[in-house]
Amino acid sequence: MYPGARFYGIKEIMLGYAQLPKFLPFPVAIHHGWHRDVHDFEAVAKPPEIWVWSERIAREMIRFYPRDRIRIVGSFFCYLMESIKNELPPKEKNGSICIPPHSSHFAKTEYSVDSFARALDQLGDDFKPITVMLYYLDMDPHTVSVYKSFGFNVVSNGNLFDENFLRNFILNVYDKKHCIFSDLGSGVIYAGYLGLNLHHLELPSQVKNLGNPHLSKEYIETSFRFDKNFLLSINSTSINEEMGTNHLLSPQELRRAILRNYFTWSFVRTFTYTMARRIGGAVLHRIGLRRRSLNV
């Protein structure tokens with residue numbers, strides 16, 4: 001209904017933590033990953049509230065939405081970890097997870113896979129074995145074969161709408177000692193939150209916009225400037241600030257925050273319109289099938 005919640009199992013994570021049925025719609029927009037800068041992706045849907053991770057992002061979002069409708073709740077990743085922490089078997093941390101630059105549906109990140117693989121191969125024994133984690137859109141045969149030719153294991157966590165995407169991420173990462181990366185992104189922040197040592201490798205990359213109206217040249221340049229400064233001070237404190245750990249809610253507090261938004265005019269209007277479209281579409285589909293059967 002609103003941007004963010006359908007991605008990576010976020011709706012199920014938040015509803016589950018709040019001890020609410022997971023089939024319920026999520027009544028607010030929510031940032032679906034870590035942000036360097038913000039745009040109006042969530043705001044255009046006019047949700048009752050926009051939920052963000054951190055104070056920094058809340059300050060940025062007021063360019064696009066009223067401050068009293070922006071709620072800082074911390075990252076959904078933290079809620080997931082709290083929910084499953086007792087399910088993770090204890091393991092000795094060793095080796096590395098490598099998170100290369102990744103693409104999206106509307107942006108392709110281009111880089112030299114061969115150069116990156118060679119740089120990984122030259123790292124010391126403490127970084128081995130290395131597992132390369134590719135975003136599902138980057139799991140093309142050439143990329144996979146190059147990494148495997150160096151003896152690296154290659155994994156992926158599922159697609160954009162996979163409810164277990166972040167759970168799979170945790171299972172692939174939590175027992176590693178190092179996280180190797182060239183471009184900052186949500187996965188790197190998550191790995192740092194899980195306690196991995198972050199190791200940055202310089203690698204030229206280029207973002208090719210495939211039709212994302214929010215991915216302007218100015219946005220990309222701002223993101224690169226932010227990365228350059230953030231890398232100078234990245235540590236557990238700055239990662240916790242970005243993850244909004246001081247703003248995490250208890251299950252009861254999160255449940256109240258979710259329930260109150262079901263009774264807003266914005267949600268009721270959007271929910272009614274969405275259901276009317278779905279019912280109307282289903283009726284028209286059945287009429288079409290009936291007409292075709294009669295013609296036969």
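Remember, predicted model here, so these are calculated numbers, not experimental data.
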Where the side chain of [X] meets the backbone of [Y], is there a donor-acceptor pair that is under 3.5 Å apart?
X	Y	value
D138	S103	yes
R225	K228	no
N94	E92	yes
R255	A18	yes
S96	F127	yes
R56	R36	yes
Y190	I170	no
T143	M139	no
K177	K128	no
K176	A191	no

Derivation and outcome, side chain to side chain donor-acceptor pair (under 3.5 Å), residues N172 and N157: CA-CA 8 Å; N172 282 322; N157 301 312; 2.9 Å; yes
Given the side-chain rings of [X] and [Y], with only the six-membered ring counted for Trp, is the space between their centroids under 6.0 Å?
X	Y	answer
W34	Y193	no
F64	H39	no
H199	F181	no
F77	W53	no

Output all residues satisfying side chain to side chain donor-acceptor pair (under 3.5 Å) with [X], sequence neighbours left out; order by chain, then residue number.
X	answer
T270	Y2
D175	none
E163	none

For the residue pair [X] and [Y], categorise the inter-ring angle as parallel (less than 30°), tilted (30 to 60°) or perpendicular (more than 60°).
X	Y	value
Y8	H32	tilted
F152	Y147	tilted
F165	Y135	perpendicular

Quick check: are there more than 12 heavy atoms from other residues, nucleotides or ligands sitting under 6.0 Å from [atom1] of [X]?
X	atom1	answer
K93	NZ	yes
E87	CD	yes
R278	CZ	no
F161	CZ	yes

Single-linkage hydrophobic cluster, 4.5 Å side-chain cutoff, Y17 and F169 together: yes
Positive for side chain to side chain donor-acceptor pair (under 3.5 Å) with N261, one of E49, R71, R256: E49
Note, H178 side chain near L123 side chain (heavy atom, < 4.5 Å): no
CE on M133 to CG on N153, rounded to 0.5 Å: 10.5 Å
